[in-house]
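Structure first, then comments.
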Amino acid sequence: MNNRKPTGYTDKDNKPIFEGDIIHDLHYVGKGKRNHYYEVVFKDNKPGMVKIHDRNNFTDFESFTFSSEAIIGNKFENPDLLK
């Protein structure tokens with residue numbers, strides 16, 4: 001297993017979040033649902049997430065409530081989740 005940096009945060013199921021984890025976030029928007037997938041990264045020593053399909057869009061963890069975000073794997077054991 002890779003030595004992954006802990007973020008100090010937990011997901012909606014109270015599982016610790018580490019660098020390289022893949023997060024699924026299900027947002028309810030209007031009358032529908034939107035799925036978002038993120039990779040956990042550090043930028044300037046701050047933990048945050050980038051959308052899998054928009055790697056330039058970093059959002060630090062302070063912007064998330066972690067009420068709907070769940071870890072579904074990590075990029076080391078599940079590289080197919082980055083596609």
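From a predicted model like this one, the values you see are computed outputs, not experimental measurements.
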R55 with E39: basic N within carboxylate O range, under 4.0 Å
yes
Does any N or O in the side chain of D60 come within less than 3.5 Å of the main-chain N or O of E62, such that one atom is a donor and the other an acceptor?
yes
E19 and T7: which non-hydrogen atoms are nearest, and at how many Å?
N-CG2, 4.3 Å
Inter-residue atom distance Y37.OH - I22.CD1, 0.5 Å rounding
11.0 Å
Please report the interatomic distance CD1(I52) to CG(N57), rounded to the nearest 0.5 Å.
12.0 Å
Test applied, side chain to side chain contact (heavy atoms under 4.5 Å, CB included); reference residue, R4; option that passes from I17, D21, V40
D21
Taking D44 for the side chain and K46 for the main chain, is one N or O donor matched with an acceptor at less than 3.5 Å?
no
When the ring planes of F61 and F64 are compared, do they come out parallel, tilted or perpendicular, using 30° and 60° as the limits?
perpendicular
Is there a donor-acceptor contact under 3.5 Å from the side chain of E69 to the main chain of S67?
yes
Looking at every heavy atom in both F42 and P6, which two are closest together, and how far apart are they?
CZ-O, 3.5 Å
Nearest heavy-atom pair of I72 and H24: which atoms, and what distance?
CG2-CB, 3.7 Å
Flag side-chain contact, heavy atom, 4.5 Å: K51 against Y38:
yes
Interatomic distance, CZ@F66 vs CG@D25, rounded to 0.5 Å, equals 9.0 Å
Gap separating the CZ atom of F58 from the CE atom of M49, nearest 0.5 angstrom:
9.5 Å
Say whether, by atom type as modelled, one donor and one acceptor occur between the side chain of D11 and the main chain of I71 under 3.5 angstrom.
yes
